[in-house]
*Asks:* 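Before we start, here is the structure in question, set down as structure tokens.
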Amino acid sequence: MTEPAPQARVPVHLGARCYDVQIGPGLLAGLGDRVRAATGAPAGARVMLACDRGLPGPTVAAAGASLRAAGFDAATHPLTAAETDKTLAQAGTLLAAMAARRHERGDPLVALGGGLVGDLAGFAAAVYRRGVPLIQCPTTLLAMVDASVGGKTAVNLPVGVDDLHKNALGAFHQPRAVLIDTDTLGSLPDRFFRAGLAECVKHGMISADWDDPGLLGWMAAHADAILTRDPAALTALIARNVRIKAAVVEQDEREEHDSGGRALLNLGHTFAHAIETLPGLSPDGNPAHAPLQHGEAVALGLVAATTTAEAAGLAARGLAPATSALLASLGLPTTVTGMPPDEALLERMAHDKKVRGGKLRLILPSGPGRAAVITDPPRPAVIAGLRAVGAPSR
């Protein structure tokens with residue numbers, strides 16, 4: 001007898017804006033029915049399917065077919081999933097396409113792709129006619145465990161040559177539902193799959209305060225099953241991460257708690273955002289593999305953050321090497337070559353959204369499964385973190 005496919009459901013409790021995250025294989029076939037149930041859109045309503053132009057054709061076709069089978073007037077708009085294209089200009093093409101189809105305020109927008117597509121489509125959904133219903137259908141592990149849940153939308157802001165301010169323009173716009181079809185991970189290249197594991201490690205590093213202190217240990221024990229994409233392991237991994245993300249968002253939906261809450265989800269990200277948009281960096285030193293993926297930059301950021309915490313006396317010695325070892329075991333980079341001097345990186349970090357009054361604010365680990373917001377951390381400690389991942393001295 002064949003065992004039933006593993007599935008999970010995680011509710012996100014936000015009062016009138018509550019929604020469910022459904023996780024499991026084969027769910028994309030029911031997308032149309034899910035959109036109808038989540039939005040109440042009537043038969044014949046327009047739906048725009050914003051998708052990553054790099055997705056396999058059958059995945060996009062299955063999503064479109066499900067929408068049409070549910071009675072929707074569905075159109076597809078491809079998006080380029082690259083940090084340099086995650087801009088107002090590309091969001092504008094989607095908004096123009098929606099306007100050309102006379103997309104109305106109750107007509108849903110469906111995001112099908114990774115975190116870049118989810119952010120772009122989410123931003124468009126937030127600003128078009130002051131908000132239209134959004135359904136997130138993430139197809140990368142990184143988007144499944146992090147970006148698709150919580151309502152953050154954003155585009156990058158190009159400023160000068162080779163200077164991209166990450167997520168400088170954005171809005172909070174919660175989805176009506178999140179549909180995670182784990183079958184879509186089957187076509188995801190190994191490098192992109194491993195990149196998503198960095199966000200899982202990040203969640204594990206704050207998990208003690210969110211009722212799952214054993215997440216990192218579970219990941220280490222099930223690394224082989226995760227890396228071979230065992231269906232049961234994937235569903236469990238994604239569900240545990242989504243529960244942590246949901247619990248954080250429920251407590252601090254709009255990142256208004258200065259001392260914790262949603263800000264803790266940015267562990268390692270201030271370093272990561274300063275690194276990932278640098279041209280020419282790759283996870284293995286091969287220029288052909290540039291640029292860094294977001295998850296690869298997050299892995300480096302976690303190493304930098306743990307090293308900074310140790311150097312500042314906030315965390316016990318040994319946390320940084322243990323974090324590096326876990327990341328390496330999951331196939332993620334822990335150092336990179338070709339970075340600019342530390343002073344240039346510090347300047348890039350000064351543009352981070354968490355800066356207050358000109359003072360840098362970092363999320364740093366404070367112990368196993370715990371982290372804290374640190375304002376104006378010691379400069380030598382931050383430099384130690386940067387050099388740990390490959391920044392040369394001045």
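Basis for what follows: all heavy atoms, side chains included, without hydrogens, waters or symmetry-related copies.
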*Asks:* So do the side chains of R101 and D73 get within less than 4.5 Å of each other, counting heavy atoms only?
*Replies:*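 Counting from C-beta outward, R101 and D73 do come under 4.5 Å.
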
*Asks:* Going by side-chain heavy atoms closer than 4.5 Å, which hydrophobic residues are tied to L31, directly or by a chain of links?
*Replies:* L27, L28, V35, V47, L49, L55, V60, L67, F72, V110, L112, I135, L179

*Asks:* Can you tell me if H269 and E276 form a side-chain donor-acceptor pair at under 3.5 Å?
*Replies:* no

*Asks:* According to the ring-ring contact (aromatic ring centres under 6.0 Å, His included) rule, which pairs have a member within residues 141-192, sequence neighbours left out?
*Replies:* H165-H351

*Asks:* Exactly one of K152, Q136, R17, E253 should register a side chain to side chain donor-acceptor pair (under 3.5 Å) with Q174. Which one does?
*Replies:* E253

*Asks:* Measure the shortest side-chain to side-chain distance between P138 and I180 over non-hydrogen atoms and say whether it is less than 4.5 angstrom.
*Replies:*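 P138 vs I180: side chains touch.
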
*Asks:* Using salt bridge (charged side-chain N to carboxylate O under 4.0 Å, His left out), reason through R262 and E250 one step at a time and then give a plain yes or no.
*Replies:* CA-CA 9 Å; R262 193 159 185 167; E250 288 165 3; over 6 Å; no

*Asks:* Any non-hydrogen side-chain atom of Y128 less than 4.5 Å from a side-chain atom of M98?
*Replies:*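 A side-chain contact under 4.5 Å exists here.
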
*Asks:* Do NZ/NE/NH1/NH2 and the carboxylate oxygens of R191 and E296 come within less than 4.0 Å?
*Replies:*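 The answer is yes: the pair qualifies as a salt bridge.
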
*Asks:* Can you list everything that forms a ring pair (Phe, Tyr, Trp, His ring centres under 6.0 Å) with W210? Sequence neighbours excluded, please.
*Replies:* none

*Asks:* For residues P365 and L267, report the shortest heavy-atom separation together with the two atoms involved.
*Replies:* CD-CD1, 3.7 Å

*Asks:* Taking the side chain as C-beta and beyond, is there a heavy-atom pair between R194 and L141 under 4.5 Å?
*Replies:*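 No, too far: nothing below the 4.5 Å cut-off.
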
*Asks:* For a 4.5 angstrom cut-off between non-hydrogen side-chain atoms, does L157 reach L164?
*Replies:* no

*Asks:* Please tell me if the side chains of P283 and L292 come closer than 4.5 Å, counting only heavy atoms from C-beta onward.
*Replies:*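 Yes - at least one pair of side-chain heavy atoms lies under 4.5 Å apart.
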
